[in-house]
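Presented below is the structure to which this report refers.
Each chain gets a letter, A, B and so on, in the order the sequences are listed, and its residues count up from 1. We use all heavy atoms of the structure for the numbers below, so side chains are in, but hydrogens, waters and symmetry mates are not.
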Amino acid sequence: MADRLRLLGRGQDSKTRAAGWVWGRRSFVRGMGVVLALLGISRRKALASVVSSQEQPKSSSLDLAMLQAVGAAVLPSELGPGGTDRAVRDFASWASGYRSGAELLHGYGTGELAFAGASPIPAWRAQLVDLDRRSRERAGAGFVAAPVEQRREVIRSALAGQKLAAFPAPQSASHVVVGLLSWFYASPAATDLCYGAEIMKNACRPLAQNPQRPLPLRKGSPDGGPHGLLPGGTA
Amino acid sequence: MSRRTIETDVCIIGSGISAAMVAEKLAETRRARILVIEAGDDVPLPAQFHGLRSRYLAYGESPWPKDHLDDAEVAGIQSRSMCVGGLAMHWGGVTPRFAPEDFKTRSVCGVGTDWPITYEELEPHYLEAEARMGVAGGQGPPELDPRARPFPMPGIPLTWNLQKLREWTDAAGIPMWSQPSAKLTVARPGRSTCCRNDTCFPICPVGAKYSPDMTWRALRGAGRVTLLPRTLVRRLKVAAGSERIVSAEAVPRDRPGDILDVRATTFVVAGGYTWSSHLLLLSADSRHPQGLANRSGLVGKYLCGHRNVQAFIELPMQLFPGINEQHSLVTKFFMRKPRVDKYVRHDLRVWESTVGRTARPANDAGELLLGDALLDDWRRRTASTATARVRSYYDVIPAMNSELTLDSSRRNAFGDPLPRLQWNDDPLSRDLRGYTEDRIRSVFAEMARAGNGRVMRTNSDSFQDHPAGGCRMGDDPAASVTDRFGRTHDHENLFVVGAPTAVSASCANGTLTFCALSLRAAEQIGAAFPARAGD
């Protein structure tokens, strides 16, 4: 039972996450990739222009520039700039897809029903503003422009006093930084990164490979591997 | 308000896994009109499963959001599910059989009550249930895992992790094998082989895991059954001057003022351990003031289940959690006969686990970890040690006052009293509970020692899992509700099938046994109708 309940709200499906506009965006970008490759244009550059024209700040979204600055400070450097950028964008997409009031899974042995709480986005947006304010107060520079070490100090000051023995479910995170970390480290891609192996948890994988030790994680592509390092990532 | 009458041959009340087994077998073998009545809603179509699973993985949302009725909340612990397919829309697809001793605990062990049937009598129906669902399994040692024929398809291959863990359990002297599961290792029409999506519970996106909605789609598509969802049966009615059931009075939930009068030759109550007894008690009339099928006074009594003890064991090895987390090793080593002088029987399963091995935001000193420090900390804690999850269900002898009663203080939208569940152990099990759980914990400790590991923590659930009973079967009408086939002693055309008829709940997941019992009942139910050609 504990393991069953533990699954609630944890983990991302790297192959089948199809909720909302996340899937639409990926399908679109994948399709674009073929066209752009034929034209000799970098997919990453194209992605940047597509995203910049589509993702203007909305009331249901997080400040992407701030979030990217947070990601560069708290996510592992092995992701590289491209990987960090994708992780942050996917986290922002995930957050905007949250549906407060949705019925949550009820397990065995209980008649209790549970429903998703209020969206964390309003509080998280305010916390990003607060990080910027703290940065200006401490070093006279905005959070985005501050060096990584300074950003970490700002984050430490913002999280001072919080008890963080374990990650909460991302949507329950009391701070946007914890939300990003919790979301990332619950992902199959983070597990692969930790173990240096292509476990690809929650993905559809041939049953015949069950007995085999997972292959070492392949490196070399900008995103870290053929299936991507990032939650929900399919390079 | 209008009153409408439907005539049919077999009226099945409930559409869970037991109902699906009965309906499928009758539809294949008998020329009979089959009407299935389900109070809950239809479930989503397979085309929606990927999306539902994605929302579950991303946000913890229920993939079966309309699987219950708001006005059907039960007092007492209950796994809540009322929809087409029933609780088996949630199941993990695990299909162990009971052991031969489970059917004769009184004769062999001197405790509890013998079933009116033996393991050997149920064996053909176990085989049939395994074939119908598509159970993948590997043969355990025959002395522990007796079978007349092989599983219908090869077992799920052990993951790299489970192979390592089996080396450990071998060292502990415990023979373990691949857990039989209703998950395809060989594809069937409309169903893919298991590809380790690892969300068997709560939803399989590829149809590898059997769930009753598959059977209903096939039967409805072929015109073999009529299934009325969103229709609540409120009463069964007995014919004047006889003990035959003449009709089921139902209410379409979309037209609550209307009454649907279902007249049938045979009625099959397939409402699981809660709603089967509930309906029989609700159907009390002036001639049957205790409810139907209840001359013994045992309807709703002897609810049964099993408790568990679980532990997480740290072992000096590296595993790769996530290869196929929901699959496990299993053994009946502690289940076949008591291995101590007191009555203690339990199963044992072993899984890979991430407990104690997930990333964490702060180190032991409480210092926040950011950037590479967090990943480094995680790697350090997973490089040379791993966690195994071990769990044993143990047998609990049911007590007569482990019961379902009508709670007149709480009523549904139609004014009918709702059920109240009260679980109690037989005094023997109650007195042995501490000893039993200590005994199991000592097994876990011995296992940890055998692997040079340590028990990180143990816990026990307070509730009884895989519940059953309430309409127990038996040969003596004074001591049981149904006969050995599920036919009620009091009403020749009224059957109860599946979980409610179980005499006891063993110490292993019960669904396969409930299905086997249902298929056995279906043979008797079908005997009243002409065989289809070729049968």
State, with a plain yes or no, whether a side-chain heavy atom of Arg213(A) is found less than 4.5 Å away from one of Lys164(B). no

Any chance you could lay out the salt bridge (Lys or Arg N to Asp or Glu O under 4.0 Å) test for Glu352(B) and Lys201(A), step after step, and finish with the verdict? CA-CA 13 Å; Glu352(B) 64 179 65; Lys201(A) 175 179 175 176; over 6 Å; no

Quick one: does Pro76(A)'s side chain get under 4.5 Å of Asp372(B)'s, heavy atoms only? yes

Would you say the side-chain atoms of Arg196(B) pair up with the backbone N or O of Ala203(A), donor to acceptor, closer than 3.5 Å? no

Where does Leu375(B) contact chain A at under 4.5 Å (heavy atoms): side chain, backbone, both or neither? both

Relative to chain B, which segment of Gln162(A) carries a heavy atom at a distance below 4.5 Å: side chain, backbone, both, or neither? neither

Flag the one option from His68(B), Gln318(B), Arg360(B) with the top tally of heavy-atom pairs under 4.5 Å to chain A. His68(B)

Considering only heavy atoms, which portion of Asp67(B) lies under 4.5 Å from any heavy atom of chain A: side chain, backbone, both, or neither? side chain

Are Leu105(A) and Phe201(B) packed together at the side-chain level, in the sense that at least one heavy-atom pair is separated by less than 4.5 angstrom? yes

Mind ranking Gln212(A), Arg205(A), Arg156(A), Gln209(A) by heavy-atom pairs under 4.5 Å with chain B and telling me who comes out on top? Arg205(A)

Quick one: what part of Leu319(B) sits under 4.5 Å from any heavy atom of chain A, side chain, backbone, both or neither? backbone

Largest heavy-atom contact set with chain A, pairs under 4.5 Å, which of Gly305(B), Ala373(B), Cys194(B): Cys194(B)

Got Phe320(B) and Thr191(A) here, is their nearest side-chain heavy-atom distance under 4.5 Å? no

So which residue, Pro65(B), Gly366(B), Gly76(B), Ala362(B), ends up with the most heavy-atom pairs under 4.5 Å with chain A? Pro65(B)

Checking Pro157(B) now: which residues fulfil side-chain contact (heavy atoms from CB on, under 4.5 Å) with it, not counting sequence neighbours? Leu207(A), Asn210(A), Pro211(A)

Is chain B contacted by the side chain of Ala116(A), its backbone, both, or neither, given a heavy-atom distance below 4.5 Å? neither

For a quick test of reading the model, state the closest non-hydrogen atom pair linking Ala359(B) to Phe167(A) and the distance between them. O-CD1, 3.5 Å

To the nearest 0.5 Å, atom CD of Glu61(B) lies from atom CZ of Phe115(A) at 11.5 Å

Okay, Gln464(B) and chain A: the region with an atom under 4.5 Å from a heavy atom over there is neither

Listed partners of Thr387(B) passing side chain to side chain donor-acceptor pair (under 3.5 Å), at least two apart: Arg357(B)

Sidechain-backbone polar pair: Trp160(B) side chain, Pro214(A) backbone, donor-acceptor under 3.5 Å: no

Rounded at 0.5 Å granularity, tell me how far SG in Cys194(A) sits from CG in Asp376(B). 10.0 Å

Checking Pro467(B) against chain A: side chain, backbone, both or neither under 4.5 Å from a heavy atom? neither

If you count heavy-atom pairs under 4.5 Å between each of Thr199(B), Ile323(B), Thr193(B), Asn308(B) and chain A, which one has the most? Ile323(B)

From CA spacing to verdict: side chain to side chain contact (heavy atoms under 4.5 Å, CB included), Asn202(A), Arg53(B): CA-CA 10 Å; Asn202(A) 293 142; Arg53(B) 174 178 183 264; 3.8 Å; yes

Name the member of Leu75(A), Val148(A), Leu164(A), Leu159(A) that forms the most heavy-atom pairs with chain B at distances under 4.5 Å. Leu164(A)

Could you label the plane-to-plane angle of the His106(A) and His90(B) rings as parallel, tilted or perpendicular, counting under 30° as parallel and over 60° as perpendicular? tilted

Quick check: do Leu374(B) and Tyr185(A) have side-chain heavy atoms less than 4.5 Å from each other? yes

Does any backbone or side-chain atom of Thr382(B) lie under 4.5 Å from a heavy atom of chain A? Answer side chain, backbone, both or neither. both

